[in-house]
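Here the structure is laid out as structure tokens; the discussion comes afterwards.
Chain A is the first sequence line, chain B the second, and so forth, proteins listed ahead of strands; every chain is numbered from 1.
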Protein chains: 2
Amino acid sequence: MPTPTHRLTPQRKVILEELRNTRSHPTADEVYQLVRKRLPRISLGTVYRNLDFLHSQGLVCKLDKAGSQMRFDAFTVPHLHITCVRCGKIVDLPAETATVKLHVPKDVPFEIQGHWLELFGLCPDCKSQSRNAGHGKHDHQTK
Amino acid sequence: MPTPTHRLTPQRKVILEELRNTRSHPTADEVYQLVRKRLPRISLGTVYRNLDFLHSQGLVCKLDKAGSQMRFDAFTVPHLHITCVRCGKIVDLPAETATVKLHVPKDVPFEIQGHWLELFGLCPDCKSQSRNAGHGKHDHQTK
DNA sequence: ATATCTGCAAAGGATTTGCACGAGT
DNA sequence: ACTCGTGCAAATCCTTTGCAGATAT
């Protein structure tokens with residue numbers, strides 16, 4: 001399905017490599033900063049375009065639900081994420097960490113295709129500084 | 001916790017009423033359009049400020065993971081959402097529609113506080129027009 | 001009086017886009 | 001030659017903020 005004329009340019013190669021070298025789910029701007037060390041003349045626009053391109057090729061994942069900014073990773077095996085509610089850090093978890101069972105009422109006017117689950121909590125760093133705990137940022141499901 | 005000097009101004013009242021009169025999970029701008037019919041001189045900034053205020057009072061929910069824009073609802077009973085991958089429409093589902101079981105490895109360096117689950121699929125309207133199906137927008141968990 | 005709110009307009013941050021030049025075939 | 005990709009800057013979209021005037025107690 002990729003048009004055969006797409007090229008693996010140096011920019012795309014370096015972006016993918018940098019993404020594969022980190023486990024930190026960087027934002028587009030963070031990718032830009034990383035890549036710039038090796039390609040000082042690259043532009044942020046190119047980074048955005050190529051992250052999109054690599055995403056369309058199935059080579060990187062786009063985490064659009066991770067906060068106000070999009071985050072990316074090149075770890076394409078299905079897995080879960082846990083996000084620190086304080087600092088926003090994201091850590092991978094094996095997919096088997098959670099099981100979701102659906103009991104969908106018959107009358108739901110939707111063809112359900114799948115689900116998206118993410119966990120949230122406090123990372124060790126933020127846990128230690130933890131004083132002002134309750135901030136009510138998550139409404140539902142904060143069981 | 002709310003300072004006792006907060007007022008229920010006309011703007012706040014109307015915003016809350018409009019939000020309670022719809023099941024459509026409107027964006028801030030959509031709330032603004034609705035409210036403007038009754039308070040033509042209200043500003044978008046006020047709508048944002050008051051949606052935040054009502055959220056801080058626990059009167060409205062802020063759906064920050066529903067897409068690129070924030071969405072709001074005044075239905076504060078815990079429940080789930082299903083989002084149409086085509087048109088973005090959101091529909092409520094009872095909380096019991098899904099059960100999540102966690103089997104968290106001992107070595108996860110996080111204090112898990114909770115989870116967030118959302119469903120996605122095709123709404124009836126989009127289902128009928130459904131021709132160009134596969135768009136690979138969701139990466140993980142698209143079982 | 002005084003603290004809270006409002007409307008307005010400007011600023012802000014993240015992402016996308018238009019365009020002319022550069023690179024690969 | 002021709003298409004695709006890049007850098008740069010400007011534009012866009014959503015949201016937040018500063019400020020001076022208005023409102024309620």
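- Ring geometry, B/H79 versus B/H25: the interplanar angle falls from 30° to 60°, so the pair is classed tilted.
- Protein atom CG of A/D29 is 9 Å distant from nucleotide atom P of C/dT15, rounded to whole Å.
- An OP1 or OP2 oxygen of D/dG5 is reached within less than 4.0 angstrom by a side-chain nitrogen or oxygen of A/H6.
- Atom CD in A/Q69 sits about 14 Å away from atom P in D/dT15, given to the nearest Å.
- Using a 4.0 Å cut-off between a side-chain N of Lys or Arg and a carboxylate O of Asp or Glu, B/D52 and B/K62 qualify as a salt bridge.
- Taking atom CG of residue B/L39 and atom P of nucleotide C/dG7, one finds them 8 Å apart after rounding to whole Å.
- Closest to the side chain of B/Y48, out of D/dT6, C/dA14, D/dC14, is D/dC14.
- One can place OH of A/Y32 at 16 Å from C1' of C/dT16, the figure rounded to the nearest angstrom.
- Applying the 3.5 Å distance criterion, the base of C/dG18 shares a donor-acceptor pair with the side chain of A/R49.
- Ranking C/dA3, C/dT15, D/dT6 by closeness to the B/R7 side chain, first place goes to C/dA3.
- Taking the charged nitrogens against the carboxylate oxygens, B/K37 and B/E18 have no contact shorter than 4.0 Å, which rules out a salt bridge.
- Applying the 3.5 Å distance criterion, the base of D/dG7 shares no donor-acceptor pair with the side chain of A/R36.
- For B/T9 and C/dC5, the shortest distance from a side-chain N or O to OP1 or OP2 is not below 4.0 Å.
- The two residues A/K89 and A/C123 make their nearest non-hydrogen contact at NZ-SG, 3.5 Å.
- Within the 4.5 Å cutoff, no side-chain heavy atoms of B/H81 are placed close to those of B/L119.
- The side chain of B/S43 places no N or O atom within less than 4.0 Å of a non-bridging phosphate oxygen (OP1 or OP2) of C/dC8.
- Two residues, A/F53 and A/P40, neighbour DNA chain D, and the one matched to the more 5' nucleotide by heavy-atom proximity is A/F53.
- The distance between atom CG of A/D52 and atom P of C/dT17, rounded to the nearest whole Å, is 9 Å.
- In this structure, the CD1 atom of A/I42 is 11 Å from the C1' atom of D/dG5, given to the nearest Å.
- Note on A/R41: every side-chain N or O is 4.0 Å or more away from OP1 and OP2 of D/dT6.
- Under 4.0 angstrom from either OP1 or OP2 of D/dT23 there lies no side-chain N or O belonging to B/Q11.
- Atom pair A/E30:CD and C/dT15:P shows a separation of 11 Å (rounding to whole Å applied).
- Taking atom CE of B/M70 as the reference point, atom P of D/dC13 lies 18 Å away to the nearest angstrom.
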